Amino acid sequence: MIHTPLPKACFTRRRLLQQTVAVWAMTLPALPLAADSPAVQAAIDAIIGDRDAESGELSLTTPAIAENGNTVPIAVAAGGRFTADDYVEAIHILAPGNPVPEVVSFHFTPRSGYARAATRIRLAETQDVIAIAELSDGRVWRTANEVKVTIGGCGG
Amino acid sequence: MDKPRVKVPQKVKAGEPFEVKVLISHTMESGQRTDEATGQKIPRMIINSFTCKLDGEVVFSATLHPAVSANPYLAFYVVADKSGELEFVWVDDSGDTATATRTIEVT
């Protein structure tokens with residue numbers, strides 16, 4: 001391997017990382033969100049109202065493939081450590097491909113410490129599972145993950 | 001609805017969030033299934049709410065819909081400043097409740 005001296009303004013690993021993060025952050029508000037069916041849109045509107053959802057610091061952890069739709073482990077996390085007046089009030093999980101789109105709502109208080117929760121859910125078919133977080137200052141974060149379901153979980 | 005199981009750390013640090021895991025036996029009948037013998041829909045019967053209180057004050061709660069799996073499992077975080085009692089309450093569609101309590105020691 002040949003080592004050539006790098007010019008002073010060249011990419012260091014740190015600079016490259018910073019720039020990558022900066023570019024990533026700029027693209028965040030422009031993330032396209034898939035169109036929702038009327039029933040799902042109604043469920044989302046009931047939570048969000050006329051507020052704008054950004055992707056924010058909300059992460060939804062789901063398996064890429066669920067062999068058994070009857071019990072799919074999911075976990076959500078939003079933001080960091082709570083303070084008395086800056087915290088996440090709720091995270092809602094929606095499954096647009098289920099007979100009832102609402103799945104579960106977690107309600108947090110400053111005494112929860114973190115907006116982190118996990119449970120197991122039923123998914124009728126392959127679909128984008130949606131998570132929506134409501135913050136104490138009125139902001140709304142939204143994210144979604146596709147889960148491929150091998151055997152549906154809503155019974156016959 | 002029976003056998004509530006709760007997992008909390010025996011000792012926790014003041015002001016430091018700790019994880020709580022709960023599990024309870026319940027069929028969580030979704031209301032979508034049909035009884036093959038009668039052809040009738042099996043009515044919905046699910047745990048629809050869960051609440052965790054610390055010394056009487058709600059610290060976390062959840063609203064459950066039919067898409068939560070049977071024997072619902074929940075994990076979440078709680079902060080305590082002093083030793084106290086955690087109370088867990090599950091309520092199902094028939095109004096039945098199940099309760100569990102755990103004393104936590106704050107060091």
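Numbers restart at 1 for each chain; the letters A, B, ... are given by sequence-line order, proteins then strands. Being a predicted model, the structure only gives us computed values, none of them experimental.
When hydrophobic clusters are built by joining Ile, Leu, Val, Met, Phe, Trp and Tyr residues whose side-chain heavy atoms come closer than 4.5 Å, directly or via intermediates, B:V79 is not grouped with B:V12. Criterion: ILVMFWY side-chain heavy atoms under 4.5 Å apart, direct or through other members. Under it, A:V129 and B:M28 are part of a common hydrophobic cluster. In terms of hydrophobic clustering, with Ile, Leu, Val, Met, Phe, Trp and Tyr side chains grouped at heavy-atom distances under 4.5 Å, A:V149 and B:V68 are assigned to a common cluster. Both A:L94 and A:I48 sit in one connected hydrophobic cluster of ILVMFWY residues. Membership requires side-chain heavy atoms under 4.5 Å apart, directly or through other members. Note: the hydrophobic cluster containing A:V140 does not contain A:F106 (ILVMFWY, side chain heavy atoms under 4.5 Å, direct or indirect links).
Remark: the backbone N or O of B:P66 is paired with a side-chain donor or acceptor of A:R122 at under 3.5 angstrom. Looking at B:T63, its side chain never comes within 3.5 Å of a backbone N or O of A:V104 through a donor-acceptor pair. At distances below 3.5 Å, at least one donor-acceptor pair connects side-chain atoms of A:S112 with backbone N or O atoms of B:V59. Remark: the backbone N or O of B:L74 is not paired with any side-chain donor or acceptor of A:T119 at under 3.5 angstrom.
Put simply, CZ on A:R120 and OH on B:Y73 are 6.5 Å apart, with the number rounded to the nearest 0.5 Å. Annotation: the span from B:F60 atom CZ to A:H107 atom NE2 amounts to 8.5 Å, rounded to 0.5 Å.
Taking chain A as the reference chain and counting heavy-atom pairs below 4.5 Å, the highest number among B:G31, B:P72, B:G15, B:P17 is found for B:P17. The choice from B:C52, B:A62, B:S61 that makes the most heavy-atom pairs within less than 4.5 Å of chain A is B:S61.
For the pair B:Q32/A:V100, a side-chain contact is recorded, criterion being any heavy-atom separation below 4.5 Å from C-beta on.
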Inset, instruction - Apply side chain to side chain contact (heavy atoms under 4.5 Å, CB included) to the pair A:R111 and B:D81, showing each step before the final yes or no. - result: CA-CA 10 Å; A:R111 311 243 47 166; B:D81 293 327; 3.1 Å; yes

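Interface remark: B:N48 contributes no atoms to any contact with chain A (heavy atom separation under 4.5 Å). Using a 4.5 Å cut-off between heavy atoms, B:L23 touches chain A through its side chain atoms alone. In this structure, chain A has a heavy atom under 4.5 Å from the backbone of B:A80, while its side chain stays farther away. Contacts of B:E57 with chain A are made by side-chain atoms alone, with heavy-atom separations under 4.5 Å and no backbone atom involved.
With a 6.0 Å radius and a threshold of 12 heavy atoms from other residues, nucleotides or ligands, A:E67 has its CD atom at or below the threshold.
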